[in-house]
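Structure first, commentary second.
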Amino acid sequence: MRSSWADLAANSAAENAPTANNANNTQAPSRPVYVPPHLRNRGPTQSAPAPASASSSDKFSAPPLSDNVGSRWAPPPRNDYRGRAAGFGNRTGGGGGGWDRREANPFADQDDSEEPLTQQEQENTGINFDAYEDIPVETSGGNVPPPVNTFAEIDLGEALNQNIRRCKYVRPTPVQRHAIPISLAGRDLMACAQTGSGKTAAFCFPIISGIMTGQPAQRPPRGVRTVCPLALVLSPTRELSMQIHEEAKKFAYQTGVRVVVAYGGAPINQQLRELERGVDILVATPGRLVDLLERARVSLQMIRYLALDEADRMLDMGFEPQIRKIVEQMDMPPAGARQTMLFSATFPKEIQRLASDFLSNYIFLAVGRVGSSTDLIDQRVEYVQESDKRSHLMDLLHAQRANGVQGKQALTLVFVETKKGADALEHWLCLNNFPATTIHGDRTQQERESALRSFKSGNTPILVATDVAARGLDIPHVAHVVNFDLPNDIDDYVHRIGRTGRAGKKGLATAFFNENNSSLARSLQDLMQEANQEVPAWLSRFAARSSFGGGKNRRSGGGRFGGRDFRREGSFSRGGSDYHGAGNSSGGYGASGGYGGGYGGGYGGNTAGPGVTSAWD
DNA sequence: CATAATC
């Protein structure tokens with residue numbers, strides 16, 4: 001279980017109590033004082049660097065994982081980060097010198113080893129590495145750093161490596177193999193990769209590593225309550241920000257790098273307190289961040305890293321002004337003076353054009369979608385009149401009920417177009433004895449979070465959602481995504497069905513199509529064709545009828561990628577095999593199989609051995 | 001047109 005605020009407060013109080021007595025010779029306990037990351041977590045009275053014997057030559061023997069479970073704190077590791085100034089090697093966890101007085105163990109909810117793996121965990125280890133062997137990768141931009149095959153090749157430092165082990169990641173995912181070296185080289189990046197492909201780690205690892213190795217930050221002026229994060233991660237929904245925060249805390253555990261989240265719909269005071277305890281990486285939704293900036297509680301002047309998750313959504317009509325305000329009109333260093341990383345599963349080229357304002361000499365990276373070419377997601381389209389949708393859904397749910405494992409119904413995520421529609425459908429499902437709940441923007445944040453929890457746990461195996469749940473959310477074991485109402489944009493469809501078939505597992509996606517969705521017919525047909533799905537004849541007729549002009553909804557890059565570098569438009573010829581290697585592509589490893597060998601574990605199907613997992617998120 | 005995003 002996650003530590004509640006009450007727990008944290010209690011811990012914090014307990015921690016503060018003894019130090020309050022010798023407040024004369026140490027930092028005032030009630031007022032957090034900025035301490036650069038490399039000086040944090042040292043004993044309160046240690047003002048000089050540790051003796052050289054504690055430096056990077058010291059070996060840290062990792063404790064067995066089982067030592068880290070339960071409620072006790074993990075033993076403080078020695079972060080012998082290679083290349084750091086010698087003598088800073090003994091940041092001890094919970095030392096109280098910095099702003100990490102006590103850091104909740106984000107791995108505390110890991111199972112004890114004596115407890116058998118839950119079915120969920122067994123499935124989590126069932127990564128189908130074979131499915132990734134032939135994922136196409138395209139990079140463009142000048143001087144692209146070569147990809148790596150293992151985490152060991154990347155020098156992330158011992159603390160981060162240990163967290164990677166704790167996460168049970170054994171090797172980097174395709175997007176990580178390419179994106180991490182690019183980011184570590186200090187380059188700006190625009191990356192297209194399916195959600196669930198390990199993007200969070202792909203931008204978190206370089207940020208955390210960079211903060212640990214970088215110059216200590218300047219102290220902000222005394223007495224000012226403004227905090228100055230070094231990295232900013234923006235995402236379009238509160239739940240996604242929460243998820244990124246949870247992940248990032250694991251990666252940053254005992255590195256001395258502090259991650260704080262801020263989003264709306266929750267009391268701001270608690271978030272302010274967390275910020276005042278210090279922040280290196282701020283994960284936020286745009287609205288709450290603007291609020292914090294206007295209150296001058298946060299300043300962006302020290303930002304070295306900017307990451308936009310679901311970047312195409314962040315730059316679409318609804319979000320763009322807020323993002324521009326944050327990135328261009330506050331006090332953030334300009335492109336070139338910071339490192340900017342944009343990630344999304346889809347990247348329409350109009351959005352790429354907008355996004356290029358935020359980037360400087362960037363590298364474009366596209367990693368083929370995992371699910372599409374390998375049929376991990378079984379996509380079906382059924383012709384259903386509006387008036388028949390409910391009974392049709394009932395049929396699907398009945399069928400799904402039989403598929404449930406261990407008496408529990410398999411998780412079904414039902415997307416609708418409107419918030420009212422979501423409430424109505426949930427109500428109707430409950431009336432008909434289907435355990436359903438709903439998540440959308442008219443619900444309180446508490447309701448949204450409890451709906452998501454209840455769905456994830458299987459207590460309410462049917463979740464009716466608007467597009468708030470379409471992107472990025474990692475909900476393991478969604479067996480079925482139903483597009484009760486199809487979206488107007490094919491990219492939204494891609495994101496929605498991406499909630500299933502995750503981490504190399506199979507999933508089912510059913511869409512209800514009727515005349516109201518004519519404008520989507522062509523792009524849906526194309527997408528399904530590219531994914532080797534069976535396209536019903538009636539859909540092709542719709543597509544032929546409604547797409548004379550080519551349509552606004554055509555996908556920008558073809559099937560294997562969520563997008564293609566818009567800087568290369570013009571040299572691009574559709575349908576050829578000149579997909580890779582054209583232009584200034586980073587020759588040598590772009591083509592399929594050109595970097596084979598990285599996944600040669602020989603784990604066929606979905607039955608990899610326990611503990612064998614990848615950094616899929 | 002909808003969806004999301006501060007109070």
Side-chain angles (χ1 to χ4, degrees), chain A residues 195 232-245 260-272 275 282-298 300 308-327 329-330 344-346 348 351 386 413-425 438-449 451-452 463-473 481 483-496 498-499 512 514-520 552-553:
Chain A
T195 17
L232 177 63
V233 179
L234 291 173
S235 96
T237 67
R238 297 164 183 172
E239 287 77 14
L240 187 52
S241 280
M242 295 170 61
Q243 180 181 304
I244 294 167
H245 177 235
V260 176
V261 68
Y263 54 83
I268 199 168
N269 281 336
Q270 184 179 329
Q271 292 173 6
L272 284 173
L275 286 168
L282 177 59
V283 182
T285 49
R288 178 56 63 91
L289 177 61
V290 168
D291 190 14
L292 291 167
L293 291 168
E294 285 172 349
R295 295 180 189 215
R297 302 301 293 264
V298 170
L300 302 177
L308 302 192
D309 202 6
E310 307 298 340
D312 63 332
R313 168 63 96 221
M314 305 298 283
L315 292 169
D316 80 5
M317 266 181 22
F319 270 120
E320 198 219 350
Q322 280 180 90
I323 302 301
R324 269 195 197 282
K325 177 170 186 175
I326 292 166
V327 176
Q329 285 151 37
M330 306 303 289
S344 183
T346 53
I351 303 285
E386 286 304 319
L413 182 50
V414 183
F415 281 104
V416 295
E417 197 55 16
T418 66
K419 294 177 277 200
K420 279 182 65 176
D423 281 335
L425 184 57
T438 182
I439 183 167
H440 60 71
D442 273 354
R443 303 201 81 192
T444 67
Q445 191 55 27
Q446 272 193 341
E447 289 171 327
R448 286 166 57 157
E449 286 170 29
L452 199 54
L463 180 64
V464 182
T466 61
D467 268 329
V468 70
R471 284 169 176 261
L473 289 190
V481 168
N483 273 290
F484 190 89
D485 302 318
L486 274 162
N488 294 314
D489 188 327
I490 191 66
D491 284 340
D492 290 330
Y493 174 84
V494 170
H495 284 275
R496 287 179 177 187
R499 296 316 99 211
F512 295 172
N514 60 39
E515 281 83 358
N516 298 334
N517 311 114
S518 301
S519 67
L520 198 70
K552 230 176 111 97
N553 237 338

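Letters A, B, ... are given to chains in the order of the sequence lines, protein chains preceding strands, and every chain is numbered from 1. Note that this is a predicted model, so its numbers are computed, not measured.
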Exercise. With sequence neighbours left out, write down each residue that passes side-chain contact (heavy atoms from CB on, under 4.5 Å) with A:E447, or none if nothing qualifies.
Key: A:R443, A:T444
Quiz item: Listed by chain and number, what are the side-chain contact (heavy atoms from CB on, under 4.5 Å) partners of A:E386, not counting sequence neighbours?
Solution: A:K389, A:D485, A:N514, A:N516
For atom [atom1] of [X] and atom [atom2] of [N], their distance in whole Å:
X: A:K325; N: B:dA5; atom1: NZ; atom2: P; answer: 18 Å
X: A:F415; N: B:dA2; atom1: CZ; atom2: P; answer: 19 Å
X: A:D312; N: B:dT3; atom1: CG; atom2: P; answer: 19 Å
X: A:F319; N: B:dA2; atom1: CZ; atom2: C1'; answer: 14 Å
X: A:I326; N: B:dA4; atom1: CD1; atom2: C1'; answer: 13 Å
X: A:K420; N: B:dT3; atom1: NZ; atom2: P; answer: 10 Å
X: A:L275; N: B:dT6; atom1: CG; atom2: C1'; answer: 14 Å
X: A:N516; N: B:dA2; atom1: CG; atom2: P; answer: 15 Å

Describe the nucleic acid contact of [X] in one word from base, sugar-phosphate, nothing, applying a heavy-atom distance below 4.0 Å.
X: A:G318; result: base
X: A:R448; result: sugar-phosphate
X: A:V290; result: nothing
X: A:D467; result: nothing

Quiz item: Counting side-chain heavy atoms from C-beta on, which of B:dA4, B:dC1, B:dT3 comes nearest to A:T418?
Solution: B:dT3
Practice problem: Go through B:dT6, B:dC1, B:dA4 for me and flag the one nearest to the A:T285 side chain. | Solution: B:dT6
Exercise. Identify, between A:Y263 and A:E417, the residue whose nearest nucleotide on DNA chain B lies closer to the 5' end.
Key: A:E417
Quiz item: Do A:E449 and A:Q445 have a side chain donor and acceptor closer than 3.5 Å?
Solution: yes
Can you find a side chain N or O atom of [X] that sits less than 4.0 Å from OP1 or OP2 on [N]?
X: A:R313; N: B:dA2; value: no
X: A:K419; N: B:dA4; value: yes
X: A:R295; N: B:dT6; value: no

Quiz item: If only atom types and distance count, is the side chain of A:Q243 paired as donor or acceptor with the main-chain N or O of A:G472 below 3.5 Å?
Solution: yes
Practice problem: Salt-bridge test for A:R313 and A:D489: reply yes if a basic N is under 4.0 Å from a carboxylate O, no otherwise. | Solution: no
